[in-house]
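Have a look at the structure below before the remarks.
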Amino acid sequence: MIQISELQFSYPHVEGKRFELNVSDLQVLQGEHLVLYGPSGCGKSTLLRLLAGEIVPRHGQILHHGFDISKAADEVRRAFRIQNIGFVFQDFPLVPYLSALENTMLAYRIHSQLQLTDAVQVKAKHLLGQLGLEDKVLRLPESLSQGERQRVAIARALLTDPPLILADEPTAGLDPERSMQVIGLLKSLVEKEKRTLVLVTHDPSVRAQFGRQIRVGD
Ligand code: ADP
Ligand code: MG
């Protein structure tokens, strides 16, 4: 379970109006699917980054099963993230010179705490298969469609078996039909393993696929 209480966050001041995010109380239960929505700039990505411990609030708690990620040191947060969180980034591109399969296994190249074994490779292929990419695992991103690339990004987030998936506008740039397909696949894969999902979208038709919806900024 995730419990946020009395959270106050602001970015260091750059120019213009300083952005503030306050969340007095928010719970996400284990296995729950939650959608965060709201207009551009309202703080959706910021909230995901706080949940992932990439940034920390100046006040308040963000508990993951009782572990306060907002109080932990950088290295501890990083280790926690690698073990527990799969992030589908809005604008983190696939590595252009790596195949779909290699992109899926990217975390295993980057983080020494993850061991790239044959079993991981088999699992990566299996995941790509479940996402309908079985005959494209060796393709480079440039020869994949936008929707296929998003599915590789989803495979990448799921490969480490994280109990929590954070997805930042995973359907941005897709047409409505592809959006529904990507969301359907993401939901079914997350549901199957009873993972928790926090998904950001500004698309009302994507939002409609989820029971629990919270408007950021309210
Ligand atoms: P959303 O994802 O809802 O579109 P963001 O969470 O990305 O919104 O951004 C919320 C606000 O914080 C915006 O006003 C944005 O300009 C500001 N912001 C985002 N990142 C930074 C940063 N690194 N430094 C200062 N301000 C930022
Ligand atoms: Mg955003």
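Values in this document were obtained by computation on a predicted structure and should not be read as measured data. Counting starts at 1 for both ligands and their atoms, in listed order.
Taking the six-membered ring where the residue is Trp, the centroids of His64 and Phe80 are separated by under 6.0 Å.
Under 3.5 Å, the side chains of Asp168 and Ser45 contain a donor-acceptor pair of N or O atoms. Asn22 and Glu6 share no side-chain donor-acceptor pair at under 3.5 Å. Using modelled atom types, one finds a donor on one side chain and an acceptor on the other under 3.5 Å when comparing Ser99 with Glu102.
Note that OG1 of Thr117 is 8.5 Å distant from NZ of Lys123, once rounded to the nearest 0.5 Å. In this structure, CG in Leu158 is found 5.5 Å from CG in Leu189, a value given to the nearest 0.5 Å.
Where the criterion is an N or O separation shorter than 3.5 Å, residue side chain and backbone included, Thr46 meets it with respect to ligand 1. Ligand 1 has no nitrogen or oxygen under 3.5 angstrom from a nitrogen or oxygen of Phe19. Of the N or O atoms in Pro12, none lie within a sub-3.5 Å distance of an N or O in ligand 1.
Scanning the protein for heavy atoms near atom 7 (O) of ligand 1, the closest one is Ser45 CB, 3.7 Å. In terms of protein heavy-atom proximity, atom 19 (C) of ligand 1 is closest to Tyr11 CE1, 3.4 Å. For atom 10 (C) of ligand 1, the nearest non-hydrogen atom of the protein is Gly41 O, 3.4 Å.
Within the 4.0 angstrom cut-off, atom 25 (C) of ligand 1 has one or more protein heavy-atom neighbours. For atom 12 (O) of ligand 1, a protein non-hydrogen atom is found at a distance below 4.0 Å.
Within the listing of ligand 1, atoms 4 (O) sit less than 4.0 angstrom from a heavy atom of Ser40.
Under the 3.5 Å distance criterion, the side-chain polar atoms of Arg149 are matched with a main-chain donor or acceptor of Pro141.
With 2.8 Å as the limit, Ser45 counts as an N, O or S neighbour of the Mg ion (ligand 2).
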